[in-house]
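Comments concern the structure below.
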There are 2 protein chains.
Amino acid sequence: MDEINRSSLKTIAQELNLSISTVSRVVNGTGKISAATRKKVMKALEKHQYVPNQIARSLKTNETMTVGVIVPDIADYFATVIKGVDAVLASKEYSIILVDTNEQPEKEHHYMRLLYEKRIDGLLLATVDPEENKWITEYKKKNIPIVFFDNEPVTSEKCDAVMLDNIKASAMVVNHLAEMGHKNIAIICGERSESTAKERSDGFRIAMKNKRLPVDLALIKEGSFHLESGYQSMVELLNNRKEHPFTAVYATSYKMTCGAIKAMREFNLRYPDDIALVGFDFIDEYGLIEPSITSIIQPVRNIGCVLASRLLESMQNNKKHVEEDVYTVTQTIRLPPELKVGASSNKRI
Amino acid sequence: MDEINRSSLKTIAQELNLSISTVSRVVNGTGKISAATRKKVMKALEKHQYVPNQIARSLKTNETMTVGVIVPDIADYFATVIKGVDAVLASKEYSIILVDTNEQPEKEHHYMRLLYEKRIDGLLLATVDPEENKWITEYKKKNIPIVFFDNEPVTSEKCDAVMLDNIKASAMVVNHLAEMGHKNIAIICGERSESTAKERSDGFRIAMKNKRLPVDLALIKEGSFHLESGYQSMVELLNNRKEHPFTAVYATSYKMTCGAIKAMREFNLRYPDDIALVGFDFIDEYGLIEPSITSIIQPVRNIGCVLASRLLESMQNNKKHVEEDVYTVTQTIRLPPELKVGASSNKRI
DNA sequence: TTGAAAGCGTTACCAG
DNA sequence: CTGGTAACGCTTTCAA
């Protein structure tokens with residue numbers, strides 16, 4: 001039959017015959033307080049197990065110490081990005097409201113509004129909506145910092161963004177394969193409406209040209225970043241192999257890489273002997289897959305850390321009412337990928 | 001040079017020469033409002049792009065529409081649990097504050113306090129702290145519902161919990177292996193301070209006895225649920241194989257399973273031919289690993305859904321001020337595991 | 001159908 | 001050093 005116990009400054013103040021202000025001051029360690037009252041108050045605080053009400057505080061201070069994070073799928077590499085974000089943000093006493101949109105662009109607006117209702121101090125957004133503009137403008141108007149990641153935003157607003165250097169990623173892949181003696185390289189990419197897909201694809205063409213390798217359009221497959229699409233693309237490539245021969249294939253997402261592997265197995269083809277394979281985001285932490293797969297690896301945790309740091313900065317500037325034109329300087333940060341060379345491509349032809 | 005735009009009920013009310021109450025009523029659709037004023041207000045709301053301030057609302061209503069979720073590691077199978085939680089909770093307009101403790105029990109208290117400061121309406125807690133008691137009691141006193149998952153809580157408070165039926169999981173493994181003709185079965189388990197580890201281990205012994213199979217203590221390895229530990233345990237088992245022979249091994253976590261595989265490879269042993277292997281949480285979604293590994297699979301998404309539903313119920317009861325003894329009825333829900341039989345054990349000896 | 005006012009728990013300013 | 005008071009934005013009761 002315990003009493004429900006939710007003490008407030010008032011409770012404590014009344015019990016001690018002190019003013020709320022005084023109690024507030026010792027809680028926050030602000031202002032000058034006599035040692036005697038401080039001790040008295042501390043004891044009462046302890047006795048009542050006082051815990052400040054951040055809601056009330058937020059109402060007053062216009063700061064919730066909370067940031068929103070919107071991702072298309074937590075059970076993806078985003079989980080590790082979030083770990084990085086969380087590490088940085090938690091150290092500054094911020095917490096994260098996490099939203100998973102299940103890759104449904106239409107949900108983004110709804111959640112952005114919900115988060116705004118909760119008065120988040122900042123937003124990290126991995127959008128999959130090619131028309132994310134509307135709510136972005138709203139946020140800008142409300143003066144809430146946003147940092148984009150994964151896909152580059154299409155909005156015309158100036159925005160911060162942290163992304164992988166996808167152009168470079170494709171260059172690394174092409175250069176590596178070229179070094180191994182490959183000339184005819186196929187690529188399996190996602191939808192060009194997503195900047196990640198577009199950049200990986202464009203980067204591929206650029207790198208091929210730089211290496212003076214032939215770009216055969218029939219070897220450039222566009223799909224949707226999913227297993228089924230990767231599988232389908234690979235099947236088509238293999239079926240057309242006589243007319244459009246290739247010796248290496250570059251799959252530009254984790255799921256597509258899996259799909260490509262699946263197709264190759266069905267065709268009874270082995271890597272690297274029959275076809276060299278380079279994947280994307282293919283992390284086999286414990287080396288269970290043999291032969292091991294060469295893959296572009298994103299610095300996922302670091303992406304999270306950089307994201308969080310950038311957001312912290314913006315939120316800080318916001319507080320300090322930094323002059324607008326100083327504040328408005330935005331950055332697009334591109335982090336370098338790593339090419340982890342495994343057996344699947346590590347053979348000179 | 002846009003104005004920063006944060007309209008409130010007051011802004012609207014003043015512009016329209018109406019009272020705040022009236023505007024509030026049309027925002028919430030409560031009370032009786034004349035069609036005329038409603039229309040007028042709606043228009044102003046739209047014009048100002050009014051978005052209610054949930055912080056202020058929360059202060060008044062004592063509801064934040066937010067629940068805390070504490071997990072040891074998001075980049076684990078918890079990601080999928082959270083997806084389930086999120087799906088259910090989001091449909092009721094709740095959002096999730098996510099905390100990753102990095103498996104450090106000492107952080108749990110700190111975060112529980114932080115979340116309480118934010119006045120979450122409920123908490124989902126996957127604790128790894130064998131002494132999580134203190135703050136639990138606090139939450140109970142504050143009348144905030146908690147639902148545990150993964151590990152069973154040790155607190156003496158009555159609590160809700162949703163867990164895998166670990167005893168049954170081990171029974172399924174033993175029965176399967178027994179059917180395949182195995183008699184000497186080794187098990188690699190985690191620390192008994194975590195209930196998951198304890199139950200999997202106990203379940204194993206019980207099932208062995210039920211099947212009248214010999215329980216050789218030297219074949220029961222205790223470690224820490226991590227790769228290194230799984231590896232180490234397997235190495236020891238293999239080194240003692242002459243004195244303590246076994247034909248099958250059961251690894252009780254994902255990482256341990258990977259460790260065991262690693263050790264077997266180093267010893268040049270193949271499954272199922274040399275030793276049969278059954279793992280835990282070993283999901284190879286795209287069937288990339290060959291031969292495929294038999295494993296206990298948790299209904300991860302469903303765990304999340306059940307968790308969220310249970311919490312919603314408690315929060316609901318809380319609101320309705322249900323009489324204490326009705327409210328206090330708590331449940332421990334055990335969800336059934338699945339044994340996904342792969343090649344690694346699917347051979348009669 | 002509408003308005004006035006109290007109050008949720010804080011912070012911060014101004015007096016003393 | 002301490003107290004009083006206004007204000008943050010909202011909901012809700014009571015009156016009109």
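Lettering follows sequence order; numbering is per chain, from 1.
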Dump the intermediate steps for side chain to side chain donor-acceptor pair (under 3.5 Å) on B/Ser95 and A/Lys118, then the final yes or no. CA-CA 9 Å; B/Ser95 30; A/Lys118 301 224 157 133; 2.4 Å; yes
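Taking the ring axis of A/Tyr111 as reference, the NZ or CZ atom of A/Arg113 does not stay both within 45° of it and closer than 6.0 Å to the ring centre.
Separating the NZ atom of A/Lys32 from the P atom of C/dA12 is a distance of 17 Å, rounded to the nearest angstrom. Rounded to a whole Å, the CZ atom of A/Arg38 is 9 Å from the P atom of D/dC1. The distance between atom CG of A/Leu18 and atom C1' of D/dG4, rounded to the nearest whole Å, is 14 Å.
Remark: the backbone N or O of A/Thr127 is paired with a side-chain donor or acceptor of A/Asn151 at under 3.5 angstrom. Remark: the backbone N or O of B/Gln331 is paired with a side-chain donor or acceptor of B/Asp160 at under 3.5 angstrom. Between the A/Asp86 side chain and the A/Ile82 main chain, no donor and acceptor come within less than 3.5 Å of each other.
In this structure, A/Lys43 does not pair ionically with A/Glu46, as no charged nitrogen and carboxylate oxygen lie closer than 4.0 Å.
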Take nucleotides 6-11 of chain C nucleotide by nucleotide from the 5' end and write B, S or -, depending on whether a protein heavy atom sits under 4.0 Å from the base, only from the sugar-phosphate, or from neither. -BBBBB
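Using a 4.0 Å heavy-atom criterion, one finds that B/Thr30 contacts no nucleic acid atom at all.
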